[in-house]
Structure formats: structure tokens, C-alpha cells
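Here the structure is a predicted model, which is why all the values come from computation and not from measurement. Residue numbers begin at 1 in each chain, while the letters A, B, ... track the order of the sequences.
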There are 2 protein chains.
Amino acid sequence: MIALAGYDETEDDPRPPRSSEAVYLKLKQAILDNRYPPGAQILESQIASEFEASRTPVRESFVRLQQEGLLEIVPRHGVRISALSPGDMREIYEVLMSLEPTAVELLVARRPDRAELSGLVRACDDMEKALAGPQPDLVAWAMADERFHMSLARLCGNKRLAAMILTVWDQAHRARMFTLSLRPLPLQSTAEHRAVVDAILAGDGERARDLYFAHRKRGGHELTTIIERHGIQRL
Amino acid sequence: MIALAGYDETEDDPRPPRSSEAVYLKLKQAILDNRYPPGAQILESQIASEFEASRTPVRESFVRLQQEGLLEIVPRHGVRISALSPGDMREIYEVLMSLEPTAVELLVARRPDRAELSGLVRACDDMEKALAGPQPDLVAWAMADERFHMSLARLCGNKRLAAMILTVWDQAHRARMFTLSLRPLPLQSTAEHRAVVDAILAGDGERARDLYFAHRKRGGHELTTIIERHGIQRL
DNA sequence: GTCGGCATTAACGCATACATTAATGGACGC
DNA sequence: GCGTCCATTAATGTATGCGTTAATGCCGAC
């Protein structure tokens with residue numbers, strides 16, 4: 001199970017747990033984990049009974065998840081889990097090609113010290129470790145890759161920018177996991193991450209931006225190619 | 001009153017009007033029109049009685065508007081209308097400097113014909129008209145400016161990108177309207193729009209992107225300067 | 001006089017009841 | 001036999017009630 005995006009909160013909440021929040025988190029995780037297949041129609045009452053809550057918090061979760069693009073509310077017919085078309089994937093990667101290089105540029109402008117980037121370095125280490133053995137652990141690699149990109153988004157110092165990146169990453173999450181075994185071993189990808197970190201540490205914003213853009217473009221192209229070659233229409 | 005963003009739907013809805021949708025639209029418009037001042041605390045029941053609906057659709061609207069960044073749900077204390085700090089304005093313009101040039105680049109890549117760009121040209125005409133007379137109509141100019149940018153976002157062919165641009169424009173809407181009378185006459189700005197349209201028609205994606213980036217950067221810088229000079233802390 | 005604790009109350013979070021709508025199936029007529 | 005219309009029903013959209021929380025104000029003690 002991939003850790004949920006956007007949650008690095010260390011403070012434990014002294015307030016009573018809200019049911020609507022719990023439903024939201026669990027439902028989101030279930031969608032990301034592909035426990036509800038894309039295109040599936042779900043009823044409010046079904047989720048309500050599955051999560052042992054009433055329809056009210058379920059509806060609230062539906063609204064939030066619709067805005068995040070993970071499902072679509074069909075009036076009078078519950079919700080439909082979003083299924084990504086090749087066109088959607090193109091959209092997502094166009095957005096990421098715009099936002100992620102900006103994020104890394106902003107991060108460099110902030111002149112982060114080594115300690116701030118330790119999360120990125122650890123993610124790189126984990127990516128390498130995952131591919132090192134005789135049996136590469138692709139899921140572990142994907143988790144570390146995701147950690148790298150999400151950490152970088154959060155480090156950029158622009159909350160809105162970070163939130164947008166995380167949102168579209170979540171949208172693409174299932175597609176990435178699905179195509180994981182169809183793509184070549186991401187050895188080059190891992191090296192590219194290191195190069196980005198080096199450029200950040202060197203304070204070279206332009207190089208970091210260009211490297212990150214190339215990395216994102218290559219990744220997007222790779223995924224698009226796989227989708228086309230396999231004739232995948234929805235995922 | 002500025003037209004609500006994201007609504008150019010021509011089809012009239014044959015479905016029965018939903019109260020929650022009406023509340024959402026009216027409340028959003030009220031916030032954009034500054035009828036609820038930034039920082040204001042509002043109760044669910046207050047909105048419910050004002051809009052003659054029950055608390056349920058009001059809560060649903062709150063959730064949607066929170067995700068759009070127009071208000072913040074304070075648990076057990078209703079909502080607080082978002083107030084933008086100078087830092088927020090910086091964030092918004094960083095996002096726009098990233099997304100808007102990408103949008104115009106995508107638009108050029110689509111090779112639009114003159115007819116598709118008629119909305120942009122009309123917006124330029126209206127901007128010029130608004131500034132032409134002896135008494136420049138700044139509100140009319142701002143409306144046309146907003147129309148230009150929103151049309152361009154929608155024309156780019158990437159729904160996600162467009163939605164993100166519209167969202168942050170809405171967030172900045174009040175601040176823009178507020179500072180309208182504090183800035184110099186936007187004569188240069190209007191000319192810059194024309195240049196972007198010309199570059200699009202010429203099929204020169206790189207020039208269009210650079211022009212749009214420069215335009216956005218100048219606009220953001222102008223607004224930031226005004227905010228600093230006047231020591232504005234929240235708007 | 002001031003500070004702390006308790007009671008009162010107002011508002012929310014959730015559950016549930018009610019109204020509305022759209023779909024499904026059966027029956028009737030052609 | 002087939003098509004259409006109506007009734008039934010299931011699920012949503014909205015309203016409302018109930019329990020809980022937190023804030024406010026009062027009272028008593030120090």
C-alpha cells in the first residue's frame with residue numbers, strides 16, 4: 001500500500017476524530033489502491049454501510065474526491081470511479097511538465113541546506129536499493145519515486161503549487177502502478193533523480209529545472225508509449 | 001458584477017435545479033463580489049437562512065469552496081472567508097507564471113484558426129474601448145482582461161490545466177479588483193495581449209509563451225509592488 | 001478584587017426521516 | 001406478439017432532529 005499523499009503531519013490531533021474525515025481518507029486510499037475498479041458505479045448507501053457511517057459524511061467525501069478528480073458524481077446515480085483515457089494521461093503529464101520544473105526552480109531559489117534535502121536523498125537511496133537485488137522490487141521503487149516527487153513539491157515553498165502537483169499525481173497513481181511491470185527497469189530514471197538533487201545542492205536553478213523537465217518529459221513519454229502500444233483505453 | 005468563471009455552457013439544463021448547486025453558485029459569487037469581507041466568520045445557519053435552504057446543501061457548498069481556496073472550514077465554528085496575504089499573492093502568481101505560458105504554448109500547438117480566437121480578439125477590443133474614453137472604465141477593463149485570460153485557458157485543450165488556472169484566478173479576483181484603482185492605467189497590458197494573439201496566429205509557440213510569461217510576470221510584479229507600497233496585509 | 005470552575009447555550013457533526021426522481025417490470029390494448 | 005403506459009421501488013437530494021463540543025458568563029472562593 002502506497003502512503004497517502006499530503007500527509008506528513010507529525011502533530012497528533014487532540015480533537016475528536018471526525019467520521020467524515022475518516023471516510024474520506026479510507027475511500028481515497030481504496031480508490032488509489034484500485035480496490036474499486038475505474039469506471040465502477042458506487043452507491044452512497046454501499047459506501048456508508050462498508051465504512052459504518054451514515055450517508056452524510058459519505059456525501060461530503062464524494063464532493064471532496066470529485067474535486068480531486070478521483071471520482072465523478074452522477075446526479076441521482078451515485079458516483080463513478082474515474083477512469084483515465086490516454087487523453088487524460090496526456091493532460092496530466094502536460095500539467096506536471098509545467099509545474100514540477102517550476103517547483104524545483106523555486107526550491108533552488110530558497111537555497112536549501114543538505115538537511116532539508118535529506119528526504120530526497122533517502123528516496124534516491126531507496127530507489128536504488130529497490131532495483132539492486134536480483135529480484136527488483138518495482139513496487140518499492142514506485143513508492144520511493146513517488147516520495148521523491150511529492151517531497152520535492154512540498155519543499156518548493158508554494159503550498160498551492162504543491163497541492164496541484166499532488167492532486168494530479170494521485171490521479172495518475174493507478175495508471176503508474178498498472179504500467180509498472182510493462183516498462184523497462186527504471187535505472188535511468190533513478191540516476192536522473194540524483195542529478196536533480198546535485199543541481200539543487202549546487203544552487204543551479206536553471207540546470208535543476210532543465211533536468212527535472214527532461215526527466216518528467218521522458219517519464220511521460222514512456223508511459224504514453226506503453227499505453228499506446230498496449231492499446232489501453234481506460235485505466 | 002464579474003461573470004462567474006468557468007461557465008460558458010450554452011445548453012440549458014433539463015434536469016431539475018438542485019438547491020446545493022444554486023447555493024454554491026450564489027455563495028461563490030457573493031465571495032467574489034466581496035459581499036462577505038475577507039476574514040469574516042460565517043455560520044452555516046446564517047447562509048442557510050439567507051439563501052433559504054437547509055444546512056445540508058450549505059455544508060456541501062462549503063466543502064467545494066474550501067477546495068477552491070475561497071474559504072476555510074473551521075471545525076465547530078463555521079467558515080472563514082479566505083484573506084490573501086502578500087505571500088499568498090506570491091504563490092498565486094508563481095502558479096500562473098508556470099501554467100499560463102504552458103497554456104498558450106499548447107494552444108499554439110493546436111494550430112487554432114481565426115474563428116477560434118475571436119473571443120480573445122473581442123476581449124482585446126473591449127479592453128481598449130474601456131480605456132479609450134476620457135473617463136477610463138477600469139471595471140470594464142478588468143472584466144475584459146479576465147475574459148481574455150480565462151478564454152485562453154479554456155482554449156488550450158487541457159481541461160485540468162484550465163481548471164487550475166481558473167481556480168487561482170478566482171482566488172486572486174478580489175485582490176485584483178481592489179488594487180485596480182491603485183495601479184497605473186493598464187495601457188501596456190492591453191498591448192501585450194494583442195501581441196500574444198498575433199504570436200498565436202503566427203503559429204510561433206515560443207514567442208507566444210515568452211510574451212505571455214513576460215506579461216504575467218509584469219502584472220504580478222505590479223500587483224506585488226502596490227501591495228507592498230500600501231502595506232496591505234490581508235485582502 | 002481577581003481568578004478559577006461550573007453551568008448554560010449556541011453551533012456543529014452526524015444520523016435519519018421525508019420528498020423527489022428515474023428506472024424497471026408488468027399489464028393492458030392494439 | 002409487441003409496444004406503450006402506469007405502478008412500484010430504489011436511490012438520491014434535502015430537511016431536520018439529536019448528541020457533542022466549545023465558548024461565554026456567572027458565582028464562589030481565595
C/dA11 P sits how many Å from A/Arg18 CZ, rounded? 19 Å
Treat a base pair as Watson-Crick or G-U wobble with both distances under 3.5 Å, then lay out DNA chain C in dot-bracket form, 5' to 3', with | for cross-strand pairs. ||||||||||||||||||||||||||||||
Would you find more than 12 non-hydrogen atoms of other residues, nucleotides or ligands less than 6.0 Å from B/Phe178 atom CZ? no
Is it the case that D/dT20 (base atoms only) and B/Arg76 (side chain only) share a donor and an acceptor within less than 3.5 Å, ignoring hydrogens and angles? yes
State, without any angle test, whether A/Asp88 and A/Ser85 hold a side-chain donor-acceptor pair at a distance under 3.5 Å. yes
Sugar-phosphate, base or nothing in reach of A/Thr56, heavy atoms under 4.0 Å: base
Please walk me through it: do B/Glu91 and A/Lys159 pass salt bridge (Lys or Arg N to Asp or Glu O under 4.0 Å)? CA-CA 7 Å; B/Glu91 285 200 4; A/Lys159 284 196 195 348; 5.7 Å; no
Ring centres of A/His215 and A/Phe148 under 6.0 Å apart? no
Can you measure B/His77 atom NE2 to C/dC12 atom C1' for me and round it to whole angstrom units? 9 Å
Once you round it to whole Å, what is the distance between P of D/dA15 and CZ of A/Arg59? 12 Å
Taking atom types as modelled, find out whether B/Arg64 and A/Gln66 have a side-chain donor-acceptor pair closer than 3.5 angstrom. no
Quick one: on DNA chain C, does A/Glu52 or B/Val79 contact a more 5' nucleotide (nearest heavy atom)? B/Val79
How about B/Tyr24 and B/Gln29: does a side-chain donor come under 3.5 Å of a side-chain acceptor? no
Does B/Arg174 form a salt bridge (Lys or Arg N to Asp or Glu O under 4.0 Å) with B/Asp33? I'd like the steps, not just the answer. CA-CA 7 Å; B/Arg174 278 185 329 229; B/Asp33 288 345; over 6 Å; no
Identify, between A/Ser19 and A/Arg55, the residue whose nearest nucleotide on DNA chain C lies closer to the 5' end. A/Ser19
Nearest whole Å is fine: how far is C/dA11 P from B/Phe62 CZ? 13 Å
With a 4.0 Å heavy-atom cut-off, tell me which residues in residues 38-50 of chain A come close to DNA chain D, sorted by residue number. A/Leu43, A/Glu44
Salt bridge (Lys or Arg N to Asp or Glu O under 4.0 Å), that's the test. Do B/Lys28 and B/Asp170 meet it? Break it down for me. CA-CA 10 Å; B/Lys28 176 168 180 173; B/Asp170 280 344; 3.1 Å; yes
Determine whether B/Glu94 and A/Arg160 satisfy the following criterion, salt bridge (Lys or Arg N to Asp or Glu O under 4.0 Å), listing intermediate values before the conclusion. CA-CA 9 Å; B/Glu94 282 171 358; A/Arg160 284 169 174 80; over 6 Å; no
Taken to the nearest whole Å, CD/A/Glu60 to P/C/dC12 is 13 Å
